[in-house]
Amino acid sequence: MNLSIVISASIAIFLSVFFFPLFNSTYWLKWRASLIPSTKFGADLIVKNGVIFTSDPSFPFANSMAIRDGRILRIGNYSSLQDLSGYGTKELNLEGKVVVPGFIDSHVHLISAGLQMARVQVEGVNRKDEIVRRVKEAVLNAKRGSWILGGGWNNDLWGGELPMASWIDEVTPDNPVWLTRMDGHMGLANSVALKLAGVTNLTKDPNGGTIMQTADGEPTGLLIDAAMELILSWIPEVSVDERREAMLRASSFALTRGVTTVVDVGRYFPGSSVEHSWQDFSDVYQWADSSGKMKIRVCLFFPIETWSRLYGVIHRAGRALSNWIYLGGVKAFADGSLGSNSALFHEPYFDDPHNYGLQVVEFESLFNMTIASDLSGLQVAIHAIGDKATDLILDMYESVALKNGKRDRRFRIEHAQHLAPGTADRFGQQGIVASVQPDHLLDDADVAIRKLGVDRAQKGSYLFRSLLSSNALLALGSDWPVTSTYPLRAIRTEMNRIPPGWDTAWIPSERLSLNDALIAHTISAARACFRENEIGSLLTGKLADFVILSSDSWDEFATGGSTSVNATYVGGIQAYP
């Protein structure tokens, strides 16, 4: 055989063996990725071997996802991501764990929650003497004359009797005290605080508020809604450092619960200053953003009275100030709360036959501010708990939409706890966001029956399923610090609706499925604040915010009540633990 032919054939075989793989596209991509930094072509992190719930009904589950520069680069099966594994790519083996999008808490008071974590804690206390003991302990550790602040008390836990200044006067002879009720619509002042503020038997109720009195006409120490300003105006302003620490403290806690984004409606309550939200925006949020200290994403709402100021900021800087801060819209109040007997109803309270609740703002003024806010393109969110308050706001939203013309406005009603017959359908018909806090149900079930009567409470309370069936956009949250931010607990509440001490579900027809509950805490919550293109689901291009749960399978998650958060990632970076 000709030697040259043998040599040529050998060379051909050598070339085919060693160079043919380079013409295979998969091999070529892997080879190229291995030679270049991951930040350019490959992934920073590949999360694999899990049960990843995407929140997208067209592609509900995957087992792996690749992340680069804080966003999801690709999601699917692990084999489809291997070409993205390059130099510096890290891999996280989930070992079958369930992963869900980072939870969005659709209604919190973030800095208030952080402040409360460092004050007198009376949440969950079920005895008068324990309230007194905790206040006394705080006084022993405080300077004479300094304010003792705290909150979270719930009189329904000790039988319903409302507290009075006389409960704590003996242990607070030299310190003014202010303790807010869990819902933030009522507070208890001791006699030192009442005297300092000039609240006497001659003080008149302000518009939208009530000063509770004894049978002799003396103030009991309780002030409701707008009347709280009589005390709040005397409490020293919280320092900038305290507010910054509070935000960081609350953010760290939220991460332990799998919360990566919150809708923060601010330190704005009936009777409080509208400036608080703006001070927190500049002193706390912009400071944290510019100094790289933000831990969770925030969508901020501001008092509706300041709508023009918000419009000006958005006009100059846009809504998304960064990946951390989004300017959501404006917030207002229509009524108070059920526990304070100030939620506004069509019929009187069952246990207070002359009381229909409070309309805490003059309606014409609210209507005009809503028209102006909406005309400026701002999203409007209004607090309404009682059935009459909700109907009034739905009527107003309908009028504003007709006057200002058709657009994607996503008006919100915050709480929507008690609805008149037929009202749930109006949410879907009008395209209204129902921003509801499921864990309030745990405290309100017995209270609602006592205050509204069995029939009204059964027919109109916490209508999760009815709202969803009406095609309302259901966004779920906590109202923290009223109740703690805890989406996994809230999901169980939505699925079971079993209050403490009950053996059966309260209004079982209104329960949600696990899938519906997860959607309402993720992608629907994102849509409710115009953030669905960035957060709320685990799809290509979205911010890589996700939570690794303790469950080893979807079935375990769906049926077990002990699921917890193993880890929370924000922008593809582990933020907890």
Side-chain angles (χ1 to χ4, degrees), residues 107 109 153-156 160 162 180-187 205-210 212 222-228 265 268-271 331-363 366 381-396 412-421 423-424 426-427 432 434-464 467 477-479 482-483 499 506-507:
H107 187 112
H109 308 270
W153 57 268
N154 180 4
N155 52 298
D156 296 305
L162 289 169
T180 56
R181 192 180 187 275
M182 59 174 293
D183 53 23
H185 289 267
M186 178 189 287
D205 288 343
N207 290 332
T210 302
M212 297 288 284
L222 289 173
L223 296 96
I224 301 174
D225 287 313
M228 295 190 295
V265 294
Y268 174 52
F269 300 92
K331 162 87 184 298
F333 288 86
D335 66 347
S337 71
L338 181 72
S340 300
N341 278 33
S342 57
L344 186 63
F345 287 95
H346 289 291
E347 299 178 40
Y349 283 82
F350 189 76
D351 62 345
D352 190 1
H354 300 291
N355 180 20
Y356 290 79
L358 286 173
Q359 184 176 312
V360 299
V361 66
E362 199 274 317
F363 192 78
L366 179 60
I382 300 181
H383 163 119
I385 288 181
D387 56 15
K388 184 175 181 179
T390 300
D391 286 343
L392 285 171
I393 300 308
L394 287 171
D395 290 343
M396 185 186 72
R412 296 170 61 115
I413 290 184
E414 305 299 314
H415 309 303
Q417 286 178 198
H418 307 285
L419 305 180
T423 296
R426 295 185 63 188
F427 279 78
I432 306 298
S435 172
V436 185
Q437 297 71 50
D439 276 343
H440 286 348
L441 176 154
L442 301 176
D443 297 309
D444 276 358
D446 292 319
V447 178
I449 291 171
R450 186 170 68 249
K451 291 181 178 294
L452 305 179
V454 174
D455 188 59
R456 284 167 64 194
Q458 283 285 118
K459 290 180 178 178
S461 301
Y462 295 92
L463 303 184
F464 306 144
L467 286 165
S478 67
D479 203 9
V482 176
T483 58
W506 185 38
I507 323 177

Residues forming a salt bridge (Lys or Arg N to Asp or Glu O under 4.0 Å) with D395, sequence neighbours excluded: R426
Side-chain donor or acceptor of D335 paired with backbone N/O of Q359 under 3.5 Å: no
Nearest-0.5 Å distance, CD1 of residue I382 to CZ of residue R412: 12.0 Å
Pairwise distance CZ(F333) to CG(L344) - rounded to 0.5 angstrom: 14.5 Å
For D446, salt bridge (Lys or Arg N to Asp or Glu O under 4.0 Å) partners two or more places apart: none
Which residues share a salt bridge (Lys or Arg N to Asp or Glu O under 4.0 Å) with D225, sequence neighbours left out: none
Where S435 and E414 come nearest, the two heavy atoms and their spacing: OG-OE1, 2.7 Å
Listed partners of F464 passing ring-ring contact (aromatic ring centres under 6.0 Å, His included), at least two apart: none
Residue list, ring-ring contact (aromatic ring centres under 6.0 Å, His included) with H415, at least two apart or on another chain: H107, H383
Set of residues satisfying side chain to side chain contact (heavy atoms under 4.5 Å, CB included) with respect to D443, sequence neighbours excluded: N154, M182, T483
P499 side chain reached by L441 side chain, heavy atoms, under 4.5 Å: yes
Student check: side-chain heavy atoms of R450 and D156 closer than 4.5 Å: yes
Atom pair CD1/CD1 of I393 and I432 - distance to nearest 0.5 Å: 10.5 Å
Y349: side chain to side chain contact (heavy atoms under 4.5 Å, CB included) partners, not counting sequence neighbours: L338, N341, A343, F345, D351, D352, N355, K451
Closest heavy-atom pair and its distance - A332, L366: CB-CD1, 3.6 Å
Nearest atoms (heavy-atom pairs only) where L452 meets A457: CB-N, 4.3 Å
Which residues share a ring-ring contact (aromatic ring centres under 6.0 Å, His included) with F427, sequence neighbours left out: none
For M186, the option from L223, T210, L162 that meets side-chain contact (heavy atoms from CB on, under 4.5 Å): L162
Listed partners of T180 passing side-chain hydrogen bond (donor to acceptor under 3.5 Å, both in side chains), at least two apart: none
Residue pair R181 / S340: nearest heavy atoms and the distance that separates them: CD-OG, 3.9 Å
Closest non-hydrogen atom pair, H185 against G336: ND1-CA, 3.5 Å
H109 vs D479, side chain to side chain contact (heavy atoms under 4.5 Å, CB included): CA-CA, chis, key distance, verdict: CA-CA 7 Å; H109 308 270; D479 203 9; 3.1 Å; yes
Partner set under side chain to side chain contact (heavy atoms under 4.5 Å, CB included) for Q458, not counting sequence neighbours: V454, W506, I507
Note, K388 side chain near Y356 side chain (heavy atom, < 4.5 Å): no
Close side-chain approach of V482 to Q437, heavy-atom, < 4.5 Å: no
Closest non-hydrogen atom pair between A384 and I413, with its separation: CB-CG2, 4.0 Å
Pairwise distance CD(Q417) to NE2(H440) - rounded to 0.5 angstrom: 5.5 Å
D444: salt bridge (Lys or Arg N to Asp or Glu O under 4.0 Å) partners, not counting sequence neighbours: none
Spacing of CE belonging to M228 relative to CG belonging to L222, to within rounding of 0.5 Å: 11.5 Å
Partner residues of A420 under the side chain to side chain contact (heavy atoms under 4.5 Å, CB included) criterion, sequence neighbours left out: H346, D387, D391, T423
